[in-house]
Enquirer: 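I have a structure I would like to understand better, so I am pasting it below and will then ask my questions one at a time.
Naming convention: chains lettered A, B, ... in sequence-line order (proteins, then strands); numbering from 1 in each chain. Values below: all heavy atoms of this structure, side chains included; hydrogens, waters and symmetry mates excluded.
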2 protein chains.
Amino acid sequence: MPEAASAAATRATIGDSEFDRDTALTLREPGVYDIDLSAGWTIISAVNGGYLLAVLGRALAHALPHADPFTISAHYLTASAPGPAVVRTDIVRTGRTLSTGQASLFQYDEQGREVERIRVLASYGDLDSLPDDIRTTAEPPAIPPLEQCFGPADSPAPVPGSSAITDRLMLKLDPSTLGWALGAPSGNGEMRAWFGLADGRDADPFSLLLAVDALPPTAFEIGLSGWVPTVELTVHVRCRPAPGPLRVSITTRNLAGGFLEEDAEVWDGADRLVAQSRQLARVRLG
Amino acid sequence: MPEAASAAATRATIGDSEFDRDTALTLREPGVYDIDLSAGWTIISAVNGGYLLAVLGRALAHALPHADPFTISAHYLTASAPGPAVVRTDIVRTGRTLSTGQASLFQYDEQGREVERIRVLASYGDLDSLPDDIRTTAEPPAIPPLEQCFGPADSPAPVPGSSAITDRLMLKLDPSTLGWALGAPSGNGEMRAWFGLADGRDADPFSLLLAVDALPPTAFEIGLSGWVPTVELTVHVRCRPAPGPLRVSITTRNLAGGFLEEDAEVWDGADRLVAQSRQLARVRLG
């Protein structure tokens with residue numbers, strides 16, 4: 001099958017993809033890392049919060065004795081822009097099975113002073129050391145086969161909110177959560193999609209940090225438009241994902257007082273719940 | 001009504017209750033606070049994680065220009081014991097509507113050196129300034145009336161796991177999530193209860209931080225016993241609670257690899273979803 005062989009040859013791998021290059025950090029001194037935030041992961045002009053979390057996650061994986069983020073909590077302070085940034089890490093505690101660290105991402109103002117963009121606290125471990133027990137009652141999301149879902153490339157006109165990041169993602173939305181794009185939001189705070197990286201790189205714990213914040217806001221299906229900036233986002237990585245596309249399901253149950261929560265679940269091709277996340281975001285009521 | 005008047009006279013109020021006294025901090029120097037952790041909030045010999053979060057929450061409320069925790073993320077490092085502790089806070093960013101801070105709770109080892117117990121990141125605001133919009137699809141938990149629920153005092157024998165904290169709480173568990181106490185766990189990762197403070201003090205944002213971590217572990221109803229230590233706990237306070245008892249519903253959907261999540265919702269008497277939380281905890285499989 002020459003065609004399949006050719007596709008396999010051009011498929012990016014973990015460690016050698018656009019996502020890996022754009023989240024790679026340069027060690028400046030122990031615990032301090034430089035990075036040039038890529039314009040490729042922007043929505044309109046803002047750098048995607050999941051991409052930024054992956055950058056911080058990789059810095060902590062280097063700084064801590066454990067490599068896998070088990071739980072990472074990020075508070076978003078100011079909006080990041082493409083360009084130079086520095087990540088400063090701090091080891092809070094190292095243990096046998098879990099280590100905890102802190103990291104902050106800074107950019108520079110006109111005077112060259114550091115401005116903090118995001119601060120995170122995270123506990124890391126070794127996903128491969130976990131026992132195989134599973135007593136999960138959660139069910140994978142009901143989402144049609146990938147071929148029956150739709151992405152920006154399937155649209156005759158640009159989808160509202162299309163941005164540089166859409167070129168880097170394989171994002172196919174469940175038609176039942178796509179009403180907003182057709183001017184007919186369902187009113188339900190739900191968003192579901194097949195998710196992958198456009199260059200075919202398989203998922204790993206760091207791309208899971210991107211996956212939970214890469215779908216259109218659930219607020220769109222509730223009938224709101226405009227920016228939904230994240231205040232806080234916590235991700236639990238529960239299992240190393242199997243190769244192949246992921247299913248991401250996001251739910252909002254409580255929109256009140258100008259804030260909403262987004263609860264995300266990420267499922268892999270082996271029907272394992274590989275990540276759970278919750279974020280608190282602001283909404284602009286229109 | 002002399003009886004009612006007498007009950008009202010002995011009922012504790014916000015600011016003047018055992019919970020307030022046991023979470024009160026003494027300012028040592030700007031941003032640094034001393035406290036003697038009370039033995040009254042222990043489960044077996046460990047200090048309850050929700051009580052500790054309330055202590056840290058009050059320290060940040062003093063240190064930051066905003067008084068109400070909107071989202072607070074705690075990573076639990078080492079087990080706390082009753083006795084002296086110090087809370088060190090750091091202002092991360094102050095804004096018009098939200099301020100972000102960090103706080104750590106330390107105790108002392110035999111040599112008098114500080115050992116970090118918990119580190120938190122939190123964003124604070126003013127709950128009273130939020131607009132009244134509510135577009136919530138979440139429903140209050142199905143829980144029987146308070147008179148049909150059961151607490152430790154209703155048991156002829158001590159309930160497994162009874163501890164000092166049970167004397168300070170008004171905790172009445174939904175009989176359908178009490179199977180574990182009778183040796184017949186349901187197998188569902190659910191725990192529901194009416195919650196209040198035993199001295200009648202009404203709820204406020206700080207007691208909500210306690211409420212989300214005060215029920216027996218959902219793991220008991222899944223058929224596990226033993227300690228379920230919290231690794232990370234994030235709470236979103238969404239609304240100032242109305243007076244009267246709260247309903248707390250906790251759900252676990254994914255027990256895998258020796259970890260589980262506990263998702264809590266707290267509802268007030270006005271049927272408002274006043275807090276949401278998620279924690280990642282370790283389980284000992286037995």
Side-chain angles (χ1 to χ4, degrees), chain A residues 70-78 92-93 95 97-98 100 102 104 116 119-123 127 129-139 187-189 222-224 231-232 234 236 238-239 251-261 263 265 272-273 276-280 282-283 285, chain B residues 70-78 92-93 95 97-98 100 102 104 116 119-123 127 129-139 187-189 222-224 231-232 234 236 238-239 251-261 263 265 272-273 276-280 282-283 285:
Chain A
F70 276 29
T71 168
I72 181 164
S73 309
H75 287 246
Y76 291 79
L77 308 168
T78 53
V92 177
R93 177 180 176 270
T97 57
L98 285 178
T100 301
Q102 176 177 319
S104 292
E116 191 165 354
R119 190 176 295 201
V120 306
L121 269 180
S123 293
L127 286 171
S129 74
L130 299 183
D132 286 334
D133 65 289
I134 308 176
R135 302 195 197 182
T136 298
T137 56
E139 298 280 347
N188 302 320
I222 302 176
L224 306 172
V231 175
E232 178 265 329
T234 297
H236 298 174
R238 303 294 302 273
C239 179
T251 307
T252 294
R253 301 171 67 239
N254 189 39
L255 165 56
F259 288 83
L260 55 73
E261 93 286 2
D263 281 2
E265 285 189 358
R272 289 287 301 266
L273 178 46
Q276 292 169 295
S277 77
R278 173 173 289 167
Q279 69 170 264
L280 184 70
R282 288 192 205 225
V283 287
L285 295 174
Chain B
F70 276 28
T71 167
I72 181 164
S73 309
H75 286 247
Y76 291 79
L77 309 168
T78 53
V92 177
R93 177 180 176 271
T97 58
L98 284 178
T100 301
Q102 175 177 318
S104 292
E116 191 165 354
R119 191 176 294 202
V120 306
L121 268 180
S123 293
L127 286 171
S129 74
L130 299 182
D132 286 333
D133 65 291
I134 309 176
R135 302 196 198 182
T136 299
T137 57
E139 298 280 347
N188 303 320
I222 301 175
L224 306 171
V231 175
E232 178 265 328
T234 296
H236 299 174
R238 302 294 301 274
C239 178
T251 307
T252 294
R253 301 170 66 238
N254 189 39
L255 164 57
F259 288 84
L260 56 73
E261 94 286 0
D263 280 2
E265 285 189 355
R272 288 289 299 267
L273 179 45
Q276 291 170 295
S277 77
R278 175 173 288 166
Q279 69 170 267
L280 184 70
R282 289 194 204 224
V283 287
L285 295 175

Enquirer: When rounded to the nearest 0.5 angstrom, what distance separates CG in Leu255(A) from OG1 in Thr136(B)?
Expert: 7.0 Å
Enquirer: CG of Leu77(A) to CG of Leu121(B): how many Å apart, nearest 0.5 Å?
Expert: 8.5 Å
Enquirer: Could you give the distance from CD (Glu116(B)) to OG1 (Thr100(A)), rounded to the nearest 0.5 Å?
Expert: 9.0 Å
Enquirer: If you measure from OG on Ser73(B) to CG on Leu280(A), what distance do you get to the nearest 0.5 Å?
Expert: 10.0 Å
Enquirer: Tell me, for Arg93(B) versus chain A, whether the close heavy atoms (under 4.5 Å) come from the side chain, the backbone, both or neither.
Expert: side chain
Enquirer: Can you confirm whether Thr234(B) sits close enough to Glu232(A) that some side-chain heavy atom of one is under 4.5 Å from a side-chain heavy atom of the other?
Expert: yes
Enquirer: So what's closer than 4.5 Å to chain A heavy atoms on Leu127(B): side chain, backbone, both or neither?
Expert: neither
Enquirer: Among Ile134(B), Leu260(B), Val92(B), Val231(B), which residue has the highest count of heavy-atom pairs closer than 4.5 Å to chain A?
Expert: Val92(B)
Enquirer: What part of Asp263(B) lies closer than 4.5 angstrom to a heavy atom of chain A: side chain, backbone, both or neither?
Expert: side chain
Enquirer: Okay, side chain of Arg238(B), backbone of Gly257(A): is any donor-acceptor separation there less than 3.5 Å?
Expert: no
Enquirer: Side chain, backbone, both or neither: which part of Ser123(B) has a non-hydrogen atom closer than 4.5 Å to chain A?
Expert: both
Enquirer: What part of Thr252(B) is in contact with chain A, defined as an atom under 4.5 angstrom from a non-hydrogen atom: side chain, backbone, both or neither?
Expert: backbone
Enquirer: Give, for atom CG of Leu98(B) and atom NE2 of His75(A), the distance between the pair rounded to the nearest 0.5 Å.
Expert: 10.5 Å
Enquirer: Sort out for me which residue in His236(A), Arg135(A), Glu265(A), Gln276(A) forms a side chain to side chain contact (heavy atoms under 4.5 Å, CB included) with Asn254(B).
Expert: Gln276(A)
Enquirer: If you count heavy-atom pairs within less than 4.5 Å of chain A, which of Ser129(B), Ala138(B), Cys239(B) leads?
Expert: Ala138(B)
Enquirer: Relative to chain A, which segment of Thr251(B) carries a heavy atom at a distance below 4.5 Å: side chain, backbone, both, or neither?
Expert: neither
Enquirer: What heavy-atom pair brings Arg278(B) and Ser277(A) nearest, and what distance separates the two atoms?
Expert: NH1-O, 3.0 Å
